[in-house]
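All heavy atoms count here, side chains included; hydrogens, waters and symmetry mates do not. To find a chain, count down the sequence lines: A is the first, B the second, and so on, and within it residues start at 1.
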Amino acid sequence: MRVLRQIHARILTRVLPISTLSFALSKIAAFCALSPLGDIYYARRVFSLIPNQNIFSWNSMIRGCSLIENPSREPVYLFRKLVKRGYPCPNSFTFAFVLKACSIVTAFEEGRQIHTRCLRSGFGSSPFVQTALVNFYAKCEHIGLAKMAFDEIPERNSVAWSTMISGYVKVGLFNEALGLFREMQKAGVEPDGVTLVSMISACAGAGALDIGRWVHAYMEKQMIDANLELSTALVNMYARCGCIERAKEVFHEMPVKDTKVWSTMIVGLAVNGLSEDALEAFARMEEAKVKPNHVTFVGVLSACAHGGLVSEGWRYWSSMLESGIEPSMEHYGCMVDLLCRAGLVHEACNLVEDMAVPPDPVIWRTLLVGCKKNKMLDRGEIVAEQLLELEPLNAENYILLSNFYASVSQWEKKSQVRKKMKEKGIKAVPGCSSIEVDGFVHEFAMGDWSHPETEELAKILKDIAERVREFGHKPWISNVLHNVVDEEKESALDEHSERLAIAYGLLKTKAPAVIRIVKNLRVCWDCHEVTKIISKIYEREIIVRDRVRFHKFVNGTCSCRDFW
DNA sequence: ATAGGGTTAG
């Protein structure tokens, strides 16, 4: 920037033809706006001094303002100003840049209007604009609109496909992402490194280990360089598929490791129940002089929470504050979780009271779970009141409170909660589990019998139920409605989605293949018990990833040591 | 005379 300022000063001392001056200033403005070494304030000043600003300078400014650290809607305002002035005329670059800006700040309405204007101006057929539109709608989580924009692209290159695939990943539609990749291959478009990063993320989200392994092998076959992004995605994928050994291998082979991949590894170890290893990795990270950030500490603190390591948790909490990281909601969440799991609900409440910002629903929910586990009815009711006031339309809250009342035999209050839920027309998020078989991810919702192989599935489920009962297991019925007859209660538990997915795994795979399940909610106590028994009587290793962590069931025991 | 779309950790 120092040299640039000198050049700028020299230009101003000379008498130059206006077009030359304009060109020189526009180059200076572009550098200041776009280079990582630039200075957006300087760019704005130079831009305002350019005689006859042409479209190049406008485009640089629009793009530059969206590249800064905390982008605002400034690019959109610049664009509006440009349109209002009527000169110079926006081109396809302008639309691509401003749409990108809208995607960064998720300015949905603004982007929609720009889309309309773009079609009117005849730039709807530019492949760059088309891809920018797909990206914009996907980032705003309007995935249907993104898909419509994608479908309208006549010639799709790998960038267009990657955009749509990453869009699906962004909104959690992992199976759709995997399906689109198959289509991409059918269409004969070669995936590149960026496509594979999104694919690996999709596999991580879906728990699709076999496809993930395939992508890894494909990468090596095509000699696609394992760069930082790809390696990080792989570490994450293996860890989130319960293959922590493979995750470690990829991690150790990396020549350069940044904060993100260290954090990935730490979180991966933590969710796999390897708390000590996660803390050990954190120590190595410090030795390697890689600076931890707020995400790293989320991993470290959650490792402490899952391992029940209270004093360590406080120690890392202090060291986080010392290193100047402001505790975020998630950090408080980890600490509250840690304290509640250890039965220190009062301490958790004190911490929440000391928070500088108002607690979010996650914090209240964690506290409520803590109160439930420790049967603290009065405290729990106070917490529940806060939670329902903050989030009156979330079914999960009512179900949690209802189960809380059930666990302390407060049947009257329990039915009141259910009634309130019904009155408000709130529907529970259905439990959903998936399993990957032969390269396809099969999804099962609770009590859903729409799977094509439903008859065989029913047979296995019956077999499981009988053998589990013979084994001496008694379902814990207060977890379900108390006002139905006992038999019905048991069958409702039998139909929890993970049971269906496990049954499908038993049907479709043979020992010693591991049965890997991904669940969208946390496992209930009964399912946890039953899965332990299944692992023993069917002699199969079963790995369940629930919403928070892994359970590895082997020969009747679980890696979480019944602490989750 | 000048430039561009898709990617990694909670």
Side-chain angles (χ1 to χ4, degrees), chain A residues 19-20 22-31 33-34 54-64 66 91-100 103 123 126-136 138-139 146 149-150 153 156-170 184 189 191-202 204 224 226-237 239-240 247 250-251 254 257-268 270-271 285 290 292-303 328-331 333-334 362 548:
Chain A
S19 64
T20 311
S22 179
F23 180 69
L25 290 180
S26 83
K27 289 300 267 182
I28 291 176
F31 176 84
L34 301 175
N54 66 11
I55 195 63
F56 285 95
S57 337
W58 280 92
N59 290 350
S60 304
M61 289 310 295
I62 289 171
R63 193 155 86 98
S66 64
N91 59 17
S92 67
F93 290 79
T94 321
F95 282 103
F97 295 155
V98 74
L99 284 168
K100 164 83 181 182
S103 75
F123 291 109
S126 152
F128 289 92
V129 172
Q130 289 170 333
T131 313
L133 277 168
V134 175
N135 181 50
F136 159 70
K139 291 282 148 61
F150 176 76
I153 305 178
R156 294 166 205 152
N157 59 14
S158 68
V159 179
W161 285 98
S162 305
T163 309
M164 194 62 225
I165 290 172
S166 77
Y168 277 136
V169 174
K170 166 96 185 15
M184 177 180 179
V189 181
D192 60 17
V194 179
T195 322
L196 298 188
V197 170
S198 290
M199 272 302 291
I200 296 166
S201 304
I224 293 173
N227 58 22
L228 203 55
E229 286 89 350
L230 268 166
S231 302
T232 306
L234 283 172
V235 172
N236 182 46
M237 185 274 289
R240 303 236 294 141
V250 176
F251 179 75
M254 291 175 70
K257 302 182 181 79
D258 67 353
T259 302
K260 278 188 185 171
V261 74
W262 276 106
S263 307
T264 307
M265 194 68 245
I266 291 168
V267 171
V271 296
M285 178 181 181
V290 180
N293 66 10
H294 62 286
V295 181
T296 321
F297 278 102
V298 169
V300 168
L301 295 175
S302 71
S328 71
M329 206 58 87
E330 277 154 300
H331 297 124
C334 289
V362 178
V548 180

For S263(A) and V295(A) the tightest heavy-atom approach is CB-CG1, 4.3 Å
Assign [X] to base, sugar-phosphate, or nothing according to its heavy-atom contacts below 4.0 angstrom with the strands shown.
{"X": "K257(A)", "result": "nothing"}
{"X": "T131(A)", "result": "base"}
{"X": "S158(A)", "result": "base"}
{"X": "S92(A)", "result": "base"}
{"X": "N236(A)", "result": "sugar-phosphate"}
{"X": "D192(A)", "result": "base"}
{"X": "T296(A)", "result": "nothing"}
{"X": "T232(A)", "result": "base"}
{"X": "V159(A)", "result": "base"}
{"X": "D258(A)", "result": "nothing"}
{"X": "V267(A)", "result": "sugar-phosphate"}

Main chain of D192(A), side chain of T195(A): is a donor-acceptor contact present, judged purely on distance under 3.5 Å?
yes
Set of ring-ring contact (aromatic ring centres under 6.0 Å, His included) partners for F251(A), sequence neighbours left out
W262(A)
Taking only residues two or more places apart in sequence or in another chain, which ones pass side chain to side chain contact (heavy atoms under 4.5 Å, CB included) with [X]?
{"X": "A247(A)", "result": "V235(A), Y238(A), A239(A), I244(A), M265(A)"}
{"X": "K260(A)", "result": "D258(A)"}
{"X": "N59(A)", "result": "I55(A), N91(A), F93(A), T94(A), F97(A)"}
{"X": "S126(A)", "result": "S92(A), F128(A), V129(A)"}

Provide the start and end nucleotides, 5' to 3', of the part of DNA chain B that has atoms under 4.0 Å from heavy atoms of chain A.
dA1(B) to dG10(B)
